[in-house]
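Throughout, a chain's letter reflects where its sequence line sits, starting with A, and its residues are numbered from 1.
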There are 2 protein chains.
Amino acid sequence: MTVTIREIAKQAGVSRGTVDRVLNDRPGVKPHVRARILEIVNELNYVPNLAAKALAYQKKPVVFGIVMPPEDIEFFESIRSGINSAADELKDLGIRLDYRYVDNRGPEEGAAAIRELVEAGVSGIMFSVMDDELIRASIDYAAERNVPVVTFNSDVEHSKRICFVGQDLHKSGLVAAGLMNRVLHERAKVVIVTGNLKFHAHRSRVEGFRKGLADYGSRFEVLDVIEGYDRYAETFEQLDRLLGEHADLGGIYMATGDIAACVDAIKKHRREGQLRVVCNDLMPPAEQGLRERIIDFTIVQNPERQGYVSLRMLYDHVFAGKQPESEHHFTETHIYIPESL
Amino acid sequence: MTVTIREIAKQAGVSRGTVDRVLNDRPGVKPHVRARILEIVNELNYVPNLAAKALAYQKKPVVFGIVMPPEDIEFFESIRSGINSAADELKDLGIRLDYRYVDNRGPEEGAAAIRELVEAGVSGIMFSVMDDELIRASIDYAAERNVPVVTFNSDVEHSKRICFVGQDLHKSGLVAAGLMNRVLHERAKVVIVTGNLKFHAHRSRVEGFRKGLADYGSRFEVLDVIEGYDRYAETFEQLDRLLGEHADLGGIYMATGDIAACVDAIKKHRREGQLRVVCNDLMPPAEQGLRERIIDFTIVQNPERQGYVSLRMLYDHVFAGKQPESEHHFTETHIYIPESL
DNA sequence: ATGAAAGCGCTAACAT
DNA sequence: ATGTTAGCGCTTTCAT
């Protein structure tokens with residue numbers, strides 16, 4: 001027999017309305033009555049029926065806000081497709097989405113979007129813009145008003161978000177090192193390309209990679225760590241120089257940065273196939289590089305999964321009262337080769 | 001405004017009961033009335049509300065039957081965990097599961113289980129035992145009684161199942177070849193280990209692998225294809241012989257078979273690290289082999305995902321009337337290295 | 001502070 | 001052949 005509100009009401013000798021008030025933390029119930037009901041709830045191991053909840057919410061569906069960079073950014077399209085497939089599963093379960101696309105070059109828009117959504121009465125927020133003091137304050141503002149926030153893809157550390165859903169950056173660096181180990185031999189020289197070492201996220205991959213190499217003794221030499229600031233020109237220029245200086249360079253780890261620049265630099269020096277290249281993500285330049293056999297491996301962070309999991313997590317939190325198992329939910333780290341495509 | 005049965009009934013000038021009869025293909029409606037209602041349904045683009053459906057089904061939950069090998073088989077535990085996580089999401093949506101564990105050495109039990117489930121009135125069946133004439137007949141028997149069957153992990157070809165959910169075996173062979181290409185150099189000799197070439201599934205991986213090697217020109221030589229019949233002794237013995245005969249063997253592709261036997265044979269000949277080894281799945285022996293750096297890569301078929309997708313597909317079919325997009329649903333092919341663990 | 005009752009969209013049993 | 005109605009479990013509004 002499944003336990004219902006009706007059953008609890010009967011046992012407590014009150015009406016279903018009162019039980020509902022208690023279960024949803026609404027005022028208007030005498031403390032001792034509330035206590036008694038909670039007792040019975042625990043004893044009977046009551047679990048709310050989500051279908052019934054959903055039906056009752058039909059009139060006034062629960063809204064989840066989503067704050068992310070503009071639609072035209074390739075990488076986020078994959079995330080959105082994951083979000084939408086979760087939304088699809090949940091569409092009859094009484095939820096609606098409110099997307100807010102904000103400029104990701106500064107924190108202002110993102111911070112404002114969170115506040116607007118809270119004012120508008122959303123029941124939860126998914127957020128992915130940047131890590132900033134202003135943003136952190138907005139997240140905490142939401143949290144204080146009981147609006148749970150899940151950050152995805154890039155975290156806002158030390159904020160009151162209930163969870164971060166994204167890649168394990170350190171591990172992706174480790175895996176990259178493992179791949180280098182497999183394809184390079186005795187005493188190889190490698191170079192690391194990153195965006196900006198001031199960013200924690202960019203540093204993590206580099207650190208993971210170094211740690212991974214170290215596990216294989218001292219046979220690897222990291223010639224240089226290039227900061228390309230995610231720009232083509234800077235990245236190309238520096239790699240161009242390095243390739244010129246080191247005829248014996250064995251591998252390139254594109255931790256973060258413009259992959260096209262890397263591919264072009266290798267082509268310019270006619271070193272296709274002589275260098276082992278490991279990069280991240282499966283954007284068109286990486287895919288193209290794989291197909292041309294210039295890139296050996298690319299490590300992906302499952303953007304669809306990130307979107308899917310984040311929304312599902314909010315739903316479970318709001319409707320079933322589930323806490324995330326940990327404050328970090330890492331999506332699996334997967335390796336792609338040309339044949340995987 | 002969402003379209004409801006009530007709305008359709010009003011427009012058609014009939015009662016909700018009649019609309020319900022039409023929508024669920026129940027008898028007792030005059031053909032022209034039925035046609036008229038269907039017309040309106042299409043015009044208004046009616047989509048049933050699953051939460052409401054689920055609630056209404058509470059009294060008499062829909063049951064899905066699951067036929068698979070015994071609980072103690074490691075590989076199927078992962079699949080089951082995927083099934084259960086889907087069931088968890090669907091638990092309030094009016095479904096129950098009926099597991100039938102059958103001996104997978106012969107077709108009889110599996111075939112009988114299907115029939116029993118059909119007689120018991122289940123609304124759908126997930127099946128994973130073996131490909132056999134007896135089984136095929138049972139699946140068709142179910143299909144004829146409008147009980148949809150999804151085969152998972154291993155298919156029953158040419159049967160009336162609505163879909164097969166599992167790995168793309170050919171692709172996993174291709175990927176294995178791609179990995180060999182990356183880690184072996186000029187003119188390498190490799191050996192393929194499979195279970196039984198009479199089985200279509202076992203053949204597929206081997207064919208994919210050969211096709212993949214061929215893509216890299218003629219630099220690979222396949223010394224032998226060993227049939228180990230999934231047994232330790234046979235596999236060990238043959239690999240032992242081969243390793244003795246060919247000091248220059250470059251790689252082993254364990255397409256199907258006992259991985260512990262492979263690891264042990266390599267250890268006996270003290271060829272750890274000198275041979276590149278690619279295998280499948282992430283059972284304990286493979287994991288152990290990876291950690292010991294005897295196995296270089298293992299290619300996985302996402303057993304959890306197979307379970308999850310299969311159940312979800314049945315649900316969508318039965319409750320939302322969705323047809324599978326294709327009669328094969330391949331789970332992604334992923335590559336693992338020690339660092340992935 | 002608490003109870004009673006209507007309604008969310010659908011199904012199924014019972015009436016007509 | 002078709003209409004009516006009573007739930008399914010929960011929320012919410014209106015009485016008391």
Side-chain angles (χ1 to χ4, degrees), chain A residues 1-37 41 44-62 90-96 121 123 318-321, chain B residues 1-37 41 44-62 90-96 121 123 318-321:
Chain A
M1 283 317 307
T2 73
V3 187
T4 71
I5 273 191
R6 180 177 238 117
E7 176 66 18
I8 293 172
K10 195 179 358 170
Q11 297 223 11
V14 298
S15 74
R16 304 184 274 155
T18 303
V19 175
D20 184 66
R21 280 175 201 113
V22 172
L23 288 174
N24 294 287
D25 274 325
R26 273 189 282 271
V29 182
K30 285 217 191 93
H32 74 275
V33 178
R34 181 177 295 266
R36 168 109 186 88
I37 290 176
V41 162
L44 265 49
N45 226 312
Y46 167 78
V47 181
N49 181 303
L50 296 185
K53 242 182 156 127
L55 243 203
Y57 274 117
Q58 281 286 129
K59 298 184 211 173
K60 188 172 69 74
V62 161
L90 301 175
K91 87 176 164 317
D92 287 330
L93 266 43
I95 73 148
R96 293 291 171 270
S123 302
V318 172
F319 278 80
Chain B
M1 285 316 310
T2 73
V3 186
T4 71
I5 275 193
R6 181 176 235 116
E7 176 66 19
I8 293 172
K10 195 180 357 170
Q11 296 224 10
V14 297
S15 76
R16 303 183 276 156
T18 303
V19 175
D20 184 63
R21 278 172 202 117
V22 172
L23 289 174
N24 294 290
D25 275 325
R26 274 188 281 271
V29 182
K30 284 218 192 93
H32 73 275
V33 178
R34 181 177 294 264
R36 167 111 186 86
I37 290 176
V41 162
L44 265 49
N45 225 312
Y46 167 79
V47 181
N49 180 303
L50 296 185
K53 248 186 151 121
L55 245 203
Y57 275 117
Q58 280 287 126
K59 300 183 210 175
K60 188 173 69 73
V62 161
L90 300 175
K91 90 177 162 316
D92 287 330
L93 268 42
I95 74 148
R96 293 291 171 270
S123 303
V318 172
F319 279 80

Exercise. Would you say A/Ser15 reaches C/dA4's phosphate, i.e. side-chain N/O to OP1/OP2 under 4.0 Å?
Worked result: no
Exercise. Do the non-hydrogen side-chain atoms of B/Val3 and B/Asn45 ever get within less than 4.5 Å of each other?
Worked result: no
For this session: In whole angstrom, give the distance that lies between atom CG of A/Asn24 and atom P of D/dG9.
Result: 17 Å
Exercise. Starting at the 5' end of DNA chain D and moving along, which residue's nearest nucleotide shows up first, B/Lys30 or B/Leu55?
Worked result: B/Lys30
Exercise. Do side-chain atoms of B/Asp20 reach the backbone of B/Arg16 as a donor and acceptor pair under 3.5 angstrom?
Worked result: no
For this session: Using a heavy-atom cut-off of under 4.0 Å over every strand shown, decide if B/Pro48 touches base, sugar-phosphate, or nothing.
Result: sugar-phosphate
Exercise. Once you round it to whole Å, what is the distance between P of D/dT2 and CZ of B/Arg16?
Worked result: 17 Å
Problem set entry | B/Ile37 CD1 - D/dT2 P separation (whole Å) | 8 Å
For this session: Can you measure from CZ (B/Arg36) to NZ (B/Lys30) and round to the nearest 0.5 angstrom?
Result: 15.0 Å
Exercise. Once you round to the nearest 0.5 Å, how far does CG of B/Leu93 lie from CG of A/Asn49?
Worked result: 8.5 Å
For this session: Report which part of the nucleic acid B/Asn49 touches: base, sugar-phosphate, or nothing (heavy-atom distance under 4.0 Å, all strands).
Result: sugar-phosphate
Problem set entry | A/Tyr46 vs D/dC10: side-chain N/O to OP1/OP2 distance below 4.0 Å | yes
Problem set entry | Minimum-distance nucleotide to A/Thr18 side chain [options: C/dT2, D/dC10, D/dG7] | C/dT2
Exercise. Looking at C/dC10, C/dA1, D/dT2, which one has an atom nearest to any side-chain atom of B/Thr4?
Worked result: C/dC10
Exercise. Any idea which of C/dC10, D/dC10, D/dT2 is nearest the B/Ala52 side chain?
Worked result: C/dC10
For this session: Give a yes/no answer on whether the side chain of B/Lys59 brings an N or O atom under 4.0 Å of OP1 or OP2 in C/dT11.
Result: no
Exercise. Should we say atom CZ of B/Arg26 is surrounded by more than 12 heavy atoms from elsewhere, each under 6.0 Å from it?
Worked result: yes
Seminar exercise, completed: note: B/Arg6, atom CZ; C/dG7, atom P; distance rounded to Å ~ 9 Å
For this session: Rounded off to whole Å, could you give me the CD1-to-P distance for the A/Ile8 and D/dG9 pair?
Result: 12 Å
Exercise. Between atom CZ in B/Arg21 and atom P in C/dC10, what is the gap in whole Å?
Worked result: 16 Å
Seminar exercise, completed: Winner on side-chain proximity to A/Lys60, out of D/dG9, D/dT12, C/dA12, is D/dT12
For this session: Under 4.0 Å between any heavy atoms, over every strand shown, what does B/Arg34 touch: base, sugar-phosphate, or nothing? Just pick one.
Result: nothing
Problem set entry | Rounded distance (Å) that lies between atom C1' of C/dA6 and atom CD of A/Gln58 | 16 Å
For this session: Measure from NZ on B/Lys53 to P on D/dG9 and round the result to the nearest Å.
Result: 19 Å
